[in-house]
Protein chains: 2
Amino acid sequence: MAKNADYQRIENPFAAPGHDHSSCIVSALDGAEATCARRGERLTPLRRQVLELVWRGHRPVGAYDLLALLQDERGRVAPPTIYRALEFLCDQGLVHRLDSLQAFIGCGHPGSHDEEHHHAAHFLICQECGLAVEMRDGQLDGAINGLAGRAGFTIADETVEISGLCAECQG
Amino acid sequence: MAKNADYQRIENPFAAPGHDHSSCIVSALDGAEATCARRGERLTPLRRQVLELVWRGHRPVGAYDLLALLQDERGRVAPPTIYRALEFLCDQGLVHRLDSLQAFIGCGHPGSHDEEHHHAAHFLICQECGLAVEMRDGQLDGAINGLAGRAGFTIADETVEISGLCAECQG
DNA sequence: TTCATGATGTTATATTATATCATTTCAGAA
DNA sequence: TTCTGAAATGATATAATATAACATCATGAA
Ligand SMILES: [Zn+2]
Ligand SMILES: [Zn+2]
Ligand SMILES: [Zn+2]
Ligand SMILES: [Zn+2]
């Protein structure tokens, strides 16, 4: 049953422009099935289809872009349909919303779904190529927790989105 | 001409609920005048008035809330009026937009306008009392720069907004 | 004055998101 | 199996946020 292990999401899409993205998609969908099953949540066909559309690439996608893509596959679909699916996927931590772009992207960290729903995610976003990469960094986590702790502040949600130029897009 | 020195913005509004906020306002407006003068930018009556409305408190304000406030003082005003003023103020770093709230708040760091327009700002936002406080933290800056640097990423913009409960609102 | 530039006014519209209620689906109880 | 309540989806309308496009006005330099 090494279903997940057979495929994996690319860790740093900035550095892997020509990777086998179908493997990312399979990994994300299989992981989502497993996560929802474990939690007793329902990854319905609609939700799965929306997640698959989000995973078309490593670039954030707007809700109405997703709506158009979904309509290509199902005919007329109204906005609440896509927003409800996205809300579910975000609640489960399978998708993240990038507040600075008002757009959505698949979660890049399969491991983070073991217990926590809706985990913190920190992004680097390239303004040139449009890729957005979810980063894990202990120092950043520490700095945020330290800052909040010293202020006596209890963290509920983190929006950390760093925009600029990725290494490949400089010069 | 110690005009600015006579007044100052409160550093940590979380801990100063009953402070003399008129001093914050004066400080912000005087500082903005000075900053714009130094840069050869025009803080017109309209822009100044919008900045004053933004500074009604230490809570983020939506563009349409500001529009309503402005209308109370000037009669009918259309959305582009407020958005253009906010764009100017954000460009000058006098106001920050909180992407996670789609709202605007006055810049809490008078010192950061010496050279840089549109400087990075990191916020703690209390979901209970609504206060948003701009934080300065070397470790956080270091962590962000380190993370970006190791990825070969050049930072253009930072959105760092930590939501939760401030010390006063716990329990 | 004349002209160029930037700021504001005005109208229309784009984009993102949600409220509400009807209908369908589905898991579990009987 | 059928029944039933809760969750999910469908469908319609509308709210909330933001910008495009063009007209007019103010400001300051030549
Ligand atoms: Zn991929
Ligand atoms: Zn790039
Ligand atoms: Zn104050
Ligand atoms: Zn608070």
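By convention in this document, chain letters (A, B, ...) are assigned in the order of the sequence lines, proteins followed by strands, and residues within each chain are numbered from 1.
- Between A:His96 and A:His119, the gap from one ring centroid to the other is short of 6.0 Å.
- Residue A:Thr81 places at least one side-chain N or O closer than 4.0 Å to OP1 or OP2 of D:dG10.
- Spacing between atom CD of B:Glu41 and atom C1' of D:dG28 amounts to 16 Å, rounded to whole angstrom units.
- Nucleotides of DNA chain C nearest to B:Phe88 and A:Arg42 differ in position, and the one nearer the 5' end is that of B:Phe88.
- The environment of CZ in A:Arg74 is crowded: more than 12 heavy-atom neighbours from other residues, nucleotides or ligands sit within 6.0 Å.
- Heavy-atom contacts from other residues, nucleotides or ligands closer than 6.0 Å to CD of B:Gln71 number more than 12.
- Phosphate contact (OP1/OP2 of D:dT9, side-chain N/O of A:Arg47, threshold under 4.0 Å): present.
- We find that CD of A:Gln102 is positioned 12 Å from P of C:dT15, with the value rounded to whole Å.
- Atom pair A:Gln49:CD and D:dT9:P shows a separation of 11 Å (rounding to whole Å applied).
- Within a 6.0 Å sphere centred on CD of B:Glu11, other residues, nucleotides and ligands contribute 12 heavy atoms or fewer.
- Atom C1' of nucleotide C:dG6 and atom CZ of B:Arg39 are separated by 18 Å, given to the nearest angstrom.
- Between the C1' atom of C:dT18 and the CD1 atom of A:Ile82 lies a distance of 15 Å, rounded to the nearest Å.
- A:Arg84 comes within contact range of at least one nucleobase, with a heavy-atom separation under 4.0 Å.
- Crowding of B:Arg150 atom CZ: a count of heavy atoms from other residues, nucleotides or ligands under 6.0 Å exceeding 12.
- Regarding A:Glu87, its CD atom lies at a distance of 10 Å from the P atom of D:dA8, rounded to whole Å.
- Rounded to whole angstrom, the span from the CG atom of B:Leu43 across to the P atom of C:dA7 amounts to 11 Å.
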*Check the pair B:Val50, B:Val95 against side-chain contact (heavy atoms from CB on, under 4.5 Å), reporting the backbone distance first and the verdict last.*
CA-CA 10 Å; B:Val50 171; B:Val95 162; over 6 Å; no

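- Listed nucleotides: D:dA18, C:dG6, D:dG10. Nearest to the side chain of B:Arg97: D:dA18.
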*Before giving the answer on side-chain contact (heavy atoms from CB on, under 4.5 Å), spell out for A:Cys166 and A:Leu131 the whole-Å C-alpha distance, their side-chain angles and the decisive distance to 0.1 Å.*
CA-CA 9 Å; A:Cys166 76; A:Leu131 293 175; 5.8 Å; no

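- Residues in residues 15-47 of chain A take part in these ring pair (Phe, Tyr, Trp, His ring centres under 6.0 Å) pairs, two or more places apart or across chains: A:His19-A:His21, A:His19-A:His58, A:His21-A:His58.
- Only A:Arg74, A:Ala78, A:Pro80, listed by number, bring a heavy atom of residues 73-80 of chain A to less than 4.0 angstrom from any atom of DNA chain D.
- For DNA chain D, the residues of residues 53-67 of chain B within the heavy-atom distance limit of 4.0 Å (strictly under) are B:Ala63, B:Tyr64, sorted by number.
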*Checking side-chain contact (heavy atoms from CB on, under 4.5 Å) for the pair A:Leu53/A:Val61: CA distance, chi angles, key distance, verdict?*
CA-CA 9 Å; A:Leu53 291 173; A:Val61 197; over 6 Å; no

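- Rounded to whole Å, the distance from OH on A:Tyr83 to C1' on D:dT14 is 14 Å.
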